[in-house]
Every structure is written in C-alpha cells, then in structure tokens.
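Only one structure is covered here, and it is reproduced in the block below.
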Amino acid sequence: MELFDKADRLGMKWISNTEGHSAWLHIEDRSYCIVRAPLIWYSEQPASTVEIVTERDKLTVELESVFRDSSTGRYVHIKDITFFVQMNSDSVYVVTPKSGDPGDLVWHLPIIYNCPFLPPCHLSLHVQAEPDALLWESWQASLPEITTDLSLPSELHVLEGNTHRSYMDTFSMDKGLKNQPLYPKVREESPHPYLIAQRVVARDAVMNLAQSADHSVIKLGDIVTSRTVITNTGSTTCMYVQYRTTLPECARLVPGTFVINGIDVPMETDSINVITVILRNMPVGDLLDVSFKMEIHKESEIEKFYMSSVLDYHFEAVDGRLLIGNQPSNVVEFIWGEPEEASAPPSEAEK
C-alpha cells in the first residue's frame, strides 16, 4: 500500500525506540514543513491503542484492526499521525501501550518533510496492506523510470520483523532505477518486509546570479549601468527561465539599452517599475549576460537603497515531472549623494 510517492525537495527523518525508551525528533534543515508521518509499532500481543507523549502534548491512537507478521508472529500496527508530528516537531517522543508491558512495544516513526533548501529527489514510502502481501514486487513496480549517465545518492529503509535496516548508497543510473544491484542484496536480507522507504536525490539546476552596477553613489541625472551575469552551475538543464528585477523608485529604464549577450532586446518596465523577461532554456554551464541603463530622474526619498534580480525556472525531476526553482542574486547597494572628494595633500607652505 502506497503511503507516499512524490518528487520534490524532500527529506526524511527516522526516529525509533530501538535504542531506548524515547527518541528525540529534531530536523536540522531550515524552513521545513512536515508532509507525512506514519507511526509503526509492533508487539507480542495486539496493542491497537497506544499513547504518544511529548513535552507539550499527548495523543491516544486507536486502531480497529492490525495484522500479524508471518515471519515473526508479532502484531504490526500502522497509523498516520502527521498532524500531531507537525505540532511537535522538536520534541522527545515516548510511545506506550494503553495496556500490557511497555517494554514489549517497539515503534518507528519515519517523517517526510519538504524544505526549499534541499536538492530535489524522488521519495517513496510503501507499507504492507495485509499478511503475506508481496511488498517488494508492488514497490519496485511503482518506481519511476530514470535513466541518466549521472550517479545519484540514495537512502533506503526496510522494516522486517523487529529489524530496521538502512542503506546509504550512490546509484549508477545508466541502467535505470529499477535495475539497481543493491535491491537483490537487500531483498535477500529482508525477504518479507512490511515497510520500504527510499529517497533518491535527483539532478538539480543550480543557478548563479551575479549582480553589479558601474557606480553606487548616485545623484539626479546620473546614468547607471546595471548588469546580471547568470550561469547554470547545476547538473541539469534550466527551462522556462524568467528574469525579474525592480528598478529603484527614483530611476527609469533608458530606452534601447536592455541587452542580453550583446543583443539589443526591446524592453519596458511595468506599472511598478519591474523588468520581466523570458530567457532561453539554459543547459549545464550556459551563461547569459543581462545589462541595461537606468536614469536617475528624480530625487530619492531615502539615502540608501538596494537592488537585486530574481530568476524563476523549471527543471526535470527524477520521475520526469517538472519542478520549480527560484534564485535571487546578490544585493547591490546605492547611496544618494555626491561622492566624497579625496582631500589634497598638504602644500609645502602648510607643512
């Protein structure tokens, strides 16, 4: 049974009580959002009701049915607790049965989260829907078709009986994802798993925007040349590229000065003084040099202000779906006023 199967900027955190009574859930990545968190627990006797306790909250989880793992005879329970984990994302977790021996219960909590600072990946999490279900077959059949001459890092987790096995590997993708030599080895070690989770890092477009201006101290009537050098430093083509930059309120675009790689491009700003232009697809290593002139046509109301550019783009994930990227440039600072004149060296009479 598929619990999660998606390509995006995703990470996976795994906590369990296999090394103690409790476990600390802490995600190091910034600006993350938890999107799926299934709790898996198993015991010698049915334990369909458990209590989850953190420093801030507590939850009683009740299940109507469980299944018995044929390889160990233990009872396996699986329940999605995503909302609870979202509210308790930096906490120590303790899970105990409402009845029976607490030491008899073993639990795992894989957490899938989204973070804009992560590389794109394909992440799948499948669980066994019933006893003796053929999980390996259904999981491998659902894997996306991926073929590339690049090697992609992979993280694989398998639960079988009371054993959690994890594998960190780098896949050579020239024969595709479904034909990895790691899979037969893992399947031999865990022939009857009830959970398989895998994260395969995808190719990524990494864009570099270098913003500059020919001078930073400005006054009324100045003509300033702004330049943005855009380079695809990633490992896949950047597609449907849109460049945006906002001119300062005191400036206006000089007609006929917008240039891309030496070619004049007709351009106007919109009602809020923004330049927006669609660029070409950018293969790996490609460079675009964007420049234009702006006239300082009125007094600035502030002494110091800033300017940068932003790139919006798409790129292919491992399963062929387009993902969205967004990359700002560095910031250029402008100061209103006359440049300070260098003081002249003292004359012989002044010495």
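The first residue of the sequence shown is numbered 1, and numbering continues consecutively from there.
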I'd like to know if [Y] and [X] are part of one continuous hydrophobic network [Ile/Leu/Val/Met/Phe/Trp/Tyr, side-chain heavy atoms within less than 4.5 Å].
X: Leu152; Y: Val284; result: no
X: Val61; Y: Val94; result: no
X: Ile78; Y: Trp14; result: yes
X: Leu39; Y: Met87; result: no
X: Phe292; Y: Val254; result: no

Can you give me the closest heavy-atom contact between [X] and [Y], atom names plus distance?
X: Ser142; Y: His126; answer: OG-CE1, 3.2 Å
X: Ile111; Y: Ala37; answer: CG1-CB, 4.3 Å
X: Val92; Y: Glu55; answer: N-OE1, 3.0 Å
X: Trp336; Y: Lys219; answer: CH2-C, 3.7 Å
X: Leu311; Y: Ile230; answer: CD2-CG2, 3.6 Å
X: Ala205; Y: Thr237; answer: CB-O, 4.5 Å

[X] [atom1] to [Y] [atom2] distance, which is reported to the nearest 0.5 Å:
X: Leu59; Y: Ile52; atom1: CG; atom2: CD1; result: 5.0 Å
X: Leu156; Y: Leu182; atom1: CG; atom2: CG; result: 6.0 Å
X: Asn114; Y: Cys33; atom1: CG; atom2: SG; result: 6.5 Å
X: Ser226; Y: Phe258; atom1: OG; atom2: CZ; result: 9.5 Å
X: Cys238; Y: His314; atom1: SG; atom2: NE2; result: 10.0 Å
X: Leu135; Y: Leu195; atom1: CG; atom2: CG; result: 7.5 Å

Would you check if the side chain of [X] reaches a backbone N or O of [Y] as a donor-acceptor pair within less than 3.5 Å?
X: Glu160; Y: His192; result: yes
X: Asp312; Y: Gln242; result: no
X: Asn261; Y: Asp289; result: yes
X: Ser300; Y: Ile302; result: yes
X: Ser154; Y: Thr170; result: no
X: Arg165; Y: Glu189; result: yes
X: Asp204; Y: Val206; result: no
X: Asn326; Y: Pro116; result: no
X: Tyr93; Y: Leu109; result: no
X: Thr269; Y: Ile275; result: no

pair [X]-[Y]: side-chain heavy atoms closer than 4.5 Å:
X: Glu155; Y: Ser166; value: no
X: Thr246; Y: Met307; value: no
X: Gln140; Y: Lys178; value: no
X: Leu253; Y: Met294; value: no
X: Pro120; Y: Phe315; value: yes
X: Val332; Y: Phe334; value: yes
X: Thr245; Y: Thr228; value: no
X: Gln198; Y: Leu123; value: no

Check this for me: [X], atom [atom1], are more than 12 non-hydrogen atoms of other residues, nucleotides or ligands nearer than 6.0 Å?
X: Glu28; atom1: CD; result: yes
X: Arg30; atom1: CZ; result: no
X: Glu303; atom1: CD; result: no
X: Phe83; atom1: CZ; result: no
X: Glu299; atom1: CD; result: yes

Name the orientation class of the two ring planes belonging to [X] and [Y] (parallel below 30°, tilted from 30 to 60°, perpendicular beyond 60°).
X: Trp24; Y: His26; value: parallel
X: His164; Y: His157; value: parallel
X: Trp41; Y: His77; value: parallel
X: Tyr194; Y: Tyr42; value: perpendicular

*Step by step, work out the side-chain contact (heavy atoms from CB on, under 4.5 Å) result for Tyr183 and Leu143.*
CA-CA 12 Å; Tyr183 296 154; Leu143 291 176; 3.9 Å; yes
*Walk me through it: do Asp29 and Lys13 pass the test salt bridge (Lys or Arg N to Asp or Glu O under 4.0 Å)?*
CA-CA 11 Å; Asp29 293 301; Lys13 183 78 174 183; over 6 Å; no
*Where do Ile278 and Tyr240 land on the side-chain contact (heavy atoms from CB on, under 4.5 Å) test, with the steps shown first?*
CA-CA 7 Å; Ile278 304 298; Tyr240 313 118; over 6 Å; no
*Output, in order, the C-alpha distance, side-chain angles, deciding distance and verdict of side chain to side chain donor-acceptor pair (under 3.5 Å) for Tyr32 and Ser89.*
CA-CA 10 Å; Tyr32 67 86; Ser89 58; 3.1 Å; yes
*Do Gln211 and Ser309 meet the criterion of a side-chain donor-acceptor pair at a distance under 3.5 Å?*
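Indeed, the side chains of Gln211 and Ser309 share at least one donor-acceptor pair under 3.5 Å.
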*Evaluate the side-chain contact (heavy atoms from CB on, under 4.5 Å) criterion for residues Met282 and Leu288: first the C-alpha distance (whole Å), next the side-chain angles of each, then the deciding distance (0.1 Å), finally the verdict.*
CA-CA 9 Å; Met282 297 183 66; Leu288 290 175; 3.7 Å; yes
_side-chain contact (heavy atoms from CB on, under 4.5 Å) against Glu137, all qualifying residues, sequence neighbours excluded_ =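 Residues passing side-chain contact (heavy atoms from CB on, under 4.5 Å) with Glu137: Leu134, Arg187.
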*Under the side-chain contact (heavy atoms from CB on, under 4.5 Å) criterion, do Lys298 and Glu249 qualify, and how do the steps go?*
CA-CA 9 Å; Lys298 64 179 182 179; Glu249 187 179 353; 4.0 Å; yes
*Any pair with a residue in residues 273-285 that passes side chain to side chain donor-acceptor pair (under 3.5 Å), sequence neighbours left out, goes on the list, sorted by first then second residue, please.*
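Residue pairs with at least one partner in residues 273-285: Arg280-Asp286.
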*State plainly whether the residues Arg244 and Asp270 are in salt-bridge range, i.e. N to O under 4.0 Å.*
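A salt bridge is absent here (no side-chain N lies under 4.0 Å from a carboxylate O).
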_Lys/Arg-Asp/Glu bridge criterion (N-O < 4.0 Å) met for Lys79, Glu62_ =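 Between Glu62 and Lys79 there is no salt bridge, as every charged N stays at least 4.0 Å from the carboxylate O atoms.
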